[in-house]
Amino acid sequence: MSLKQIDERRLREVALTPDEYRVIVQALKRPPNDVELGMLGVLWSEHCSYKTSKELLRKLPSTGPAVLQGPGENAGAVSIGGGWAAVFKIESHNHPSAIEPYQGAATGVGGILRDVIAMGARPIALLDSLRFGPLPASRRHFEGVVAGIGGYGNCIGVPTVAGEGYFEDCYANNPLVNAMCVGLVRADQLMRARAEGAGNRLLLVGADTGRDGIHGASFASLELDEDSASRRPAVQVGNPFLEKCLLEACMDLTRTDAVVAIQDLGAAGLTSSVAECAGRVAGAGARIDVLRVPRRERSMSPYDVMLSESQERMLVVVRRGREREVQRIFEEWDLTSAVIGEVTDDGAVTVMEGEDEVARLPVKLLTEGAPLRRLTGVPPEPAPILVIDSLPPPADLGATLLQLLASPNLCSRMPVIRRYDHMVGDSTVIEPGGDAAMLRVKGTRVGLAVTTACNSRYCELDPNLGAQLAVAEAARNIIATGAQPLAVTDCLNFANPDRPEVYWQMEETVAGLAQACRALEIPIVSGNVSLYNESSGGAGIYPTPVVGMVGQIDDYAERLHAGFRHECDFVLLIGSSHNDLGGTEYLKVVHGKVAGRPPALDLVRERAVSRLILTAAHAGLLRSAHDCSDGGMLVALAEACLLAGFGMRGPALEPEPPLRLDAAFFGESPSRFIVSAPSRAMPELQSLARRHHVEIALLGLAGGDVLELEGQLRVPLSDLRQAWEGGLA
Amino acid sequence: MVVFPGTWSDRDCGWVIDQVLGAELRYLWHKDADLKGCDCVILPGGFAYGDYLRTGAIARFAPVMEKVIEFADQGGLVWGICNGFQILCEADLLPGALIRNSSLEFRCEWTHLVVERADLPFTSGCEEREVLRIPISHGEGSYFADPATLSRLEQNGQVVFRYSDVEGRVRPNANPNGSLHSIAGIVNERGNVLGMMPHPERCAEPELGGTDGLKLFRSVMHSAVEVLTV
């Protein structure tokens with residue numbers, strides 16, 4: 001069959017290009033049949049193959065002394081001491097959430113949980129990084145996504161402890177839902193999804209297979225258009241109760257040594273899980289019989305079975321002859337399991353329907369065959385220049401502060417946090433609402449700090465610097481708890497890369513991530529790329545490289561909270577402020593501008609400030625620490641008061657020229673912290689700061705019921721609270 | 001500790017019992033037909049059987065529940081927390097029902113409870129009118145009962161915990177879910193079956209933000225020991 005004979009519409013349906021089809025025919029030396037075409041279509045989709053981003057991602061650093069598992073598995077893993085490993089990954093569920101917010105978000109949570117479970121780890125925390133259009137217009141997306149995340153996480157009993165939410169025009173049609181999961185496993189029990197050992201059995205467990213989600217991965221690799229709503233059937237429906245049973249059964253698998261590997265069935269269902277599992281072992285293949293796959297519907301074709309994205313399913317590779325032993329564990333949890341095939345050593349995925357062979361494709365063609373797309377980036381028009389001298393000074397500092405605190409991008413997240421169970425597991429030792437959250441590792445003194453960060457407005461103005469700032473902010477969130485950053489998982493969200501300026505954003509973003517991660521020595525161990533976050537006719541999203549980060553503290557008794565702890569403690573600003581007003585929330589909210597260069601970042605200074613904070617925390621000199629970034633110093637100060645439940649009083653702050661007053665208060669210079677410390681610690685802190693070449697400034701005394709800088713600003717705490725707590729109403 | 005498929009507070013309660021208190025812990029699977037000699041049966045939080053029909057509606061038919069009901073009828077201590085409370089209501093071991101929060105939203109937050117009965121095996125370590133700080137985490141925790149049942153509960157002193165402010169004053173804005181009479185926990189007439197929506201197992205160590213929950217676990221442990229030594 002030549003290309004002419006294949007219906008172009010059919011190619012579009014499976015999201016393959018004529019060129020890609022030619023490559024397939026050449027490799028197979030025959031045209032693929034319909035089932036094979038569908039299988040190749042999903043695995044060669046951007047979502048599964050990374051054909052546009054693979055080359056770029058190779059530039060990211062992924063090694064380090066703590067790394068146990070880098071990219072390429074279901075999730076990354078790092079050693080956290082005491083024989084434990086933290087397993088984590090972030091993943092996007094943007095396209096489904098745009099169409100069907102509740103289920104899109106819920107199944108995003110379900111999917112990322114399974115990635116962690118597949119590594120043999122018990123999930124201990126969920127995080128969500130969310131982007132919406134402005135409220136109230138985007139309320140349907142916002143409410144649906146928040147309810148979906150809660151609906152899944154609350155039911156399965158894994159706490160949702162951190163994340164972010166931003167509201168910008170560019171996300172109005174393309175909301176972003178990036179879900180991250182962190183799990184724990186004994187380092188020597190870390191599983192890898194490798195289909196080792198010809199003759200070993202493939203066991204499909206969990207939900208029955210239905211027709212839901214067919215072509216979901218392909219759908220996620222297209223722009224949203226007026227037909228997108230008709231793809232609602234491509235969005236799956238989550239069943240957290242079933243996944244809870246699946247989770248517990250998978251944890252029980254550690255009782256036996258009969259299990260070789262566990263693999264999640266996510267995007268592209270059975271096709272990708274079988275191919276990926278085999279693809280990780282040289283020469284391995286798999287042979288499966290679709291008739292043995294337990295089904296939810298009658299008369300499903302092999303095509304339907306291979307491409308279904310039904311949720312809550314796992315593939316387990318079991319040692320030959322030990323199937324019953326493993327199946328009994330699933331039976332205890334009333335879960336269906338079926339032996340659907342076996343591992344082979346012929347390097348091919350063979351799909352049978354009873355006696356008939358319905359597909360046979362080389363594993364390597366499926367997993368690595370997609371021709372890489374070599375695109376060329378072209379820088380867009382430069383971002384609007386900010387003439388800082390044209391900005392009038394703030395008329396009333398207090399009123400400006402209240403205006404910023406009420407901004408949906410800065411206000412209290414409590415209306416969202418309280419809809420998530422963030423305490424189940426009895427491990428949350430720093431609750432959400434500050435910088436990073438912290439989970440204790442039960443049975444040890446180890447604390448695990450977790451966070452996500454990305455200011456995409458910075459990334460729009462300068463994607464390279466924006467990506468560096470995202471890494472730096474995530475690291476500061478971790479450091480503010482007293483923990484040492486260990487590793488990153490990243491979720492890179494972009495518009496349509498076929499536009500040269502979007503591809504340029506990708507190149508710049510990856511360069512920025514790589515530079516910051518190298519400089520701060522924090523490797524990237526897992527991640528996900530989401531492209532085509534763009535709607536026909538509309539502009540695309542800002543480049544949004546969400547940085548998920550995990551850090552560790554040896555003894556969580558030494559952890560720091562973001563809010564002040566004791567009245568009469570000294571309140572200090574660590575780090576120096578500059579005229580960094582470009583891209584700030586102040587500029588947007590007060591002056592209605594998105595312009596200028598994002599705040600300048602000096603990674604050497606960033607490291608110096610981090611070391612100072614960690615040294616001081618470890619020496620017990622600090623009582624609290626809060627990252628000073630979005631909204632600027634005054635917002636950080638107000639937050640530390642609000643989290644404490646008491647105010648702060650100090651003298652007027654007179655910035656030294658050339659530092660402007662507005663920049664001192666509302667500029668977003670990075671590498672700064674608001675800390676509190678007992679007054680007796682001051683001499684030691686000063687000498688530590690000198691040794692690290694870091695600026696330290698005493699702002700005032702914690703306590704009272706106002707935030708006051710004498711003669712400059714005096715706002716009752718109750719006013720601050722009213723503004724801060726009402727921002728999402 | 002009874003474990004249904006979908007239960008998740010079992011591990012948290014279990015942690016408090018064996019790691020914090022050093023008491024003896026046994027897990028009872030929903031299919032078990034034997035209570036394995038437990039002194040107190042805890043029905044912990046979660047979404048038993050997915051809570052699909054109505055919270056607790058299916059769980060009460062589990063094989064283990066027959067034994068739990070028998071045990072309660074004989075005066076054994078039964079303690080339902082969150083989903084466990086919902087199950088006890090469905091199983092008619094406690095009157096009333098838990099309905100959707102008045103906010104129509106799931107709520108996970110710290111609450112204050114005023115203790116109205118300190119003479120029970122579950123609360124003997126508390127003072128009467130003492131205010132406890134214990135978190136809630138539920139979507140359907142609004143206590144509801146008909147007026148006759150409510151007045152009977154009040155007359156018999158069966159209301160054990162009420163949502164209150166930090167000073168122990170019962171006020172509408174301190175009621176997180178719209179429970180009638182601000183009820184957070186009740187006991188049966190005999191005083192051996194307690195149901196409560198808040199999660200005491202989440203505040204049994206200082207690093208988790210408080211230790212008020214431990215008072216209830218300690219009370220239960222002492223009562224069980226007393227029963228044994230009598």
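Chain naming here is simple, since letters A, B, ... match the order of the sequence lines and numbering starts at 1 in each.
Rounded to the nearest 0.5 Å, atoms CD (B:E109) and CE (A:M414) are 8.0 Å apart. Note that OG of B:S9 and CG of A:D426 are 8.0 Å apart. Values are rounded to the nearest 0.5 Å. Of the inter-residue distances, the one linking B:H30 atom NE2 with A:D334 atom CG reads 5.5 Å to the nearest 0.5 angstrom.
No more than 12 heavy atoms of other residues, nucleotides or ligands sit less than 6.0 Å from atom CD of B:E66. Atom CZ of B:R218 is surrounded by 12 or fewer heavy atoms from other residues, nucleotides or ligands within 6.0 Å. More than 12 non-hydrogen atoms from other residues, nucleotides or ligands lie less than 6.0 angstrom from CZ of A:F646. The local environment of CG in B:D32 is crowded, with over 12 non-hydrogen atoms from other residues, nucleotides or ligands closer than 6.0 Å. Other residues, nucleotides and ligands place more than 12 heavy atoms under 6.0 Å from the CD atom of A:E331. Within a 6.0 Å sphere centred on CG of A:D705, heavy atoms belonging to other residues, nucleotides or ligands number 12 at most.
Of the atoms belonging to B:S103, not a single heavy atom falls under 4.5 Å from chain A. A:Y556 touches chain B through its side chain: at least one heavy atom from C-beta onward sits under 4.5 Å away, while N, CA, C and O do not. Only the side chain of B:E105 comes within less than 4.5 Å of a heavy atom of chain A; its backbone N, CA, C and O stay farther away. Heavy atoms of A:I156 lying under 4.5 Å from chain B belong exclusively to its backbone. At a 4.5 Å heavy-atom cutoff, the contact between A:C245 and chain B is made by side-chain atoms alone.
Contact annotation: the side chain of A:R440 approaches that of B:E205 to within less than 4.5 Å [non-hydrogen atoms, C-beta and beyond]. Residues B:D12 and A:V424 meet the side-chain proximity criterion, which asks for heavy atoms closer than 4.5 Å. For the pair A:R418 and B:W110, the minimum side-chain heavy-atom distance is 4.5 Å or more.
Between B:Y49 and A:F241, the angle of the ring planes lies from 30° to 60°, which puts this pair in the tilted group.
With no hydrogens or angles considered, no side-chain donor-acceptor pair links B:W8 and A:E248 at under 3.5 Å.
No donor-acceptor pair under 3.5 Å is formed between the side chain of A:D421 and the backbone N or O of B:S137.
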> How far apart are the C-alpha atoms of B:R11 and A:K442, what are their side-chain angles, what is the distance that settles it, and do they pass the side-chain contact (heavy atoms from CB on, under 4.5 Å) test?
Replying inline: CA-CA 11 Å; B:R11 292 163 54 84; A:K442 281 181 178 170; 5.6 Å; no
>> A:V429 vs B:L208, test: side-chain contact (heavy atoms from CB on, under 4.5 Å). Steps then yes/no.
In response: CA-CA 5 Å; A:V429 292; B:L208 299 178; 4.2 Å; yes
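Of all heavy-atom pairs between B:E207 and A:R445, the closest is OE2-NH1, 4.3 Å.
Of the listed residues (B:G209, B:P135, B:G50), the one with the most heavy-atom contacts under 4.5 Å to chain A is B:G50. Counting heavy-atom pairs under 4.5 Å between each of A:A147, A:C155, A:G157, A:G443 and chain B puts A:C155 at the top. Each of A:E431, A:M423, A:K244 has some count of heavy-atom pairs under 4.5 Å with chain B, and the biggest count is that of A:M423.
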